[in-house]
Amino acid sequence: MSESGSVISIHLADVKAGPVHAVDSVEAVAGAGLRGDRTFEPGAPPEQHLTLIESEELERLAAQDGIELAPGGSRRQLTTRGVRLNPLVGRRFLVGDVECRGIELCEPCSDLQKMTGQPGLMRALVHRAGLNAEIISGGAISVGGAIRPID
């Protein structure tokens with residue numbers, strides 16, 4: 001994998017524990033998150049704006065741990081390919097034309113394990129469950145959009 005990659009799917013949920021649904025594009029709003037998602041809130045803490053996960057980690061999870069999660073099954077909003085997310089903590093990057101900043105690793109939680117019904121999921125995804133990011137400048141994020149560091 002390289003420092004740049006792309007968005008391969010976008011998943012939103014209307015309410016916190018509700019089902020996710022795939023969309024082809026979404027409006028990213030600076031300081032608020034993805035319009036139409038459960039976490040969208042003007043003035044929301046930066047780490048709640050955007051979540052991303054690598055498709056390669058979902059594939060590894062299936063191959064090494066026998067746990068199958070479809071994109072969206074991770075409850076992360078964006079599923080990526082070709083870009084390492086952990087090194088983006090503390091860095092600015094673009095998703096299409098949307099400027100973001102990596103805040104912290106998006107570690108798995110007991111809620112995710114309960115919602116998926118997959119015992120061992122939390123342990124298997126430690127430090128591999130994606131990235132929480134701040135949306136600095138808004139715009140459209142679309143499936144196929146490039147992801148690349150800018151600093």
Side-chain angles (χ1 to χ4, degrees), residues 1-29 32-40 44 46-89 91-109 111-118 120-136 138-150:
M1 280 192 287
S2 68
E3 278 207 351
S4 62
S6 62
V7 175
I8 64 165
S9 68
I10 302 169
H11 287 85
L12 307 176
D14 297 330
V15 295
K16 183 178 179 184
V20 297
H21 59 278
V23 297
D24 292 329
S25 65
V26 64
E27 179 187 0
V29 179
L34 300 183
R35 190 174 302 280
D37 188 64
R38 66 202 180 270
T39 61
F40 182 83
E47 66 274 9
Q48 292 180 10
H49 294 180
L50 180 65
T51 58
L52 307 91
I53 191 167
E54 299 169 24
S55 59
E56 293 88 351
E57 289 297 347
L58 295 175
E59 292 161 2
R60 181 202 59 78
L61 182 67
Q64 292 182 359
D65 298 287
I67 299 174
E68 301 268 345
L69 284 184
S74 68
R75 309 223 25 108
R76 305 301 182 251
Q77 297 157 320
L78 304 184
T79 304
T80 67
R81 179 163 296 282
V83 61
R84 295 290 305 159
L85 298 174
N86 288 14
L88 294 178
V89 172
R91 294 182 69 188
R92 293 177 333 145
F93 61 97
L94 292 173
V95 180
D97 294 328
V98 174
E99 185 178 344
C100 302
R101 182 173 61 93
I103 300 292
E104 62 190 6
L105 296 182
C106 188
E107 296 292 5
C109 64
D111 288 344
L112 176 62
Q113 187 164 297
K114 285 178 203 164
M115 288 172 29
T116 62
Q118 297 283 355
L121 180 67
M122 285 179 56
R123 179 185 39 76
L125 279 180
V126 168
H127 307 316
R128 299 171 180 251
L131 178 69
N132 290 335
E134 173 184 18
I135 298 172
I136 296 171
I141 295 177
S142 299
V143 171
I147 301 171
R148 63 184 177 81
I150 56 174

Inset, instruction - For the residue pair D24 and S142, establish whether any side-chain heavy-atom pair is separated by less than 4.5 Å. - result: no
Inset, instruction - Over all heavy atoms of both residues, which pair between P46 and I103 is shortest? Give the atoms and the distance, please. - result: CB-CD1, 4.0 Å
Inset, instruction - Please examine the side chains of L34 and F40, heavy atoms only from C-beta on, and report whether any two atoms are closer than 4.5 Å. - result: no
Inset, instruction - Could you grab the distance from atom CD of E68 to atom CG of L61, nearest 0.5 Å is fine? - result: 8.5 Å
Inset, instruction - Could you check if a side-chain atom of L50 sits within less than 4.5 angstrom of a side-chain atom of N132, using non-hydrogen atoms only? - result: no
Legend entry - D37 side chain to L12 backbone, donor-acceptor under 3.5 Å: no
Inset, instruction - Verify whether one side chain among S55 and R81 offers a donor that lies under 3.5 Å from an acceptor in the other. - result: yes
Legend entry - CA sep, side-chain torsions, deciding dist, call: T39, Q77, side-chain contact (heavy atoms from CB on, under 4.5 Å): CA-CA 10 Å; T39 61; Q77 297 157 320; 3.4 Å; yes
Legend entry - Side-chain heavy-atom pair V20, R75 within 4.5 angstrom cut-off: yes
Legend entry - Heavy-atom side-chain proximity of V89 to L131 below 4.5 angstrom: yes
Inset, instruction - Step by step, work out the side-chain contact (heavy atoms from CB on, under 4.5 Å) result for C100 and V95. - result: CA-CA 7 Å; C100 302; V95 180; 4.1 Å; yes
Inset, instruction - State whether the number of non-hydrogen atoms from other residues, nucleotides or ligands found under 6.0 Å of D65 atom CG is greater than 12. - result: yes
Legend entry - Sole candidate of T80, I53, T79 that passes side-chain contact (heavy atoms from CB on, under 4.5 Å) when paired with S9: T79
Inset, instruction - Before accepting this row, confirm whether a basic side-chain N of the pair R84/E57 lies closer than 4.0 Å to the acidic partner's carboxylate O. - result: yes
Legend entry - Test item: H11 side-chain N/O and L78 main-chain N/O as donor-acceptor pair under 3.5 Å: no
Legend entry - Side chain to side chain, L58 and S74, heavy atoms closer than 4.5 Å: yes
Inset, instruction - Give a yes or no on whether the backbone of G82 and the side-chain of E56 come within a donor-acceptor separation of less than 3.5 Å. - result: yes
Legend entry - Heavy-atom pair with the smallest gap, counting every atom of H49 and A44: NE2-O, 3.1 Å
Inset, instruction - Mark yes when over 12 heavy atoms from residues, nucleotides or ligands other than R148 sit less than 6.0 Å from its CZ; otherwise mark no. - result: no
Legend entry - Side chains of V143 and I10 in contact at under 4.5 Å (non-hydrogen atoms): yes
Inset, instruction - Indicate the atoms forming the closest heavy-atom contact of F93 with P149, along with that distance. - result: CB-CA, 3.8 Å
Legend entry - Close side-chain approach of I135 to V98, heavy-atom, < 4.5 Å: yes
Legend entry - Working for side-chain contact (heavy atoms from CB on, under 4.5 Å), residues I150 and R92: CA-CA 6 Å; I150 56 174; R92 293 177 333 145; 3.7 Å; yes
Legend entry - Under 3.5 Å donor-acceptor, E54 side chain and L85 backbone: yes
Inset, instruction - Verify whether one side chain among H127 and E107 offers a donor that lies under 3.5 Å from an acceptor in the other. - result: yes
Inset, instruction - Output the distance between atom CD1 (I147) and atom OG (S6), rounded to the nearest 0.5 Å. - result: 6.5 Å
Legend entry - Distance-minimising heavy-atom pair for C106 and A129: O-CB, 3.0 Å
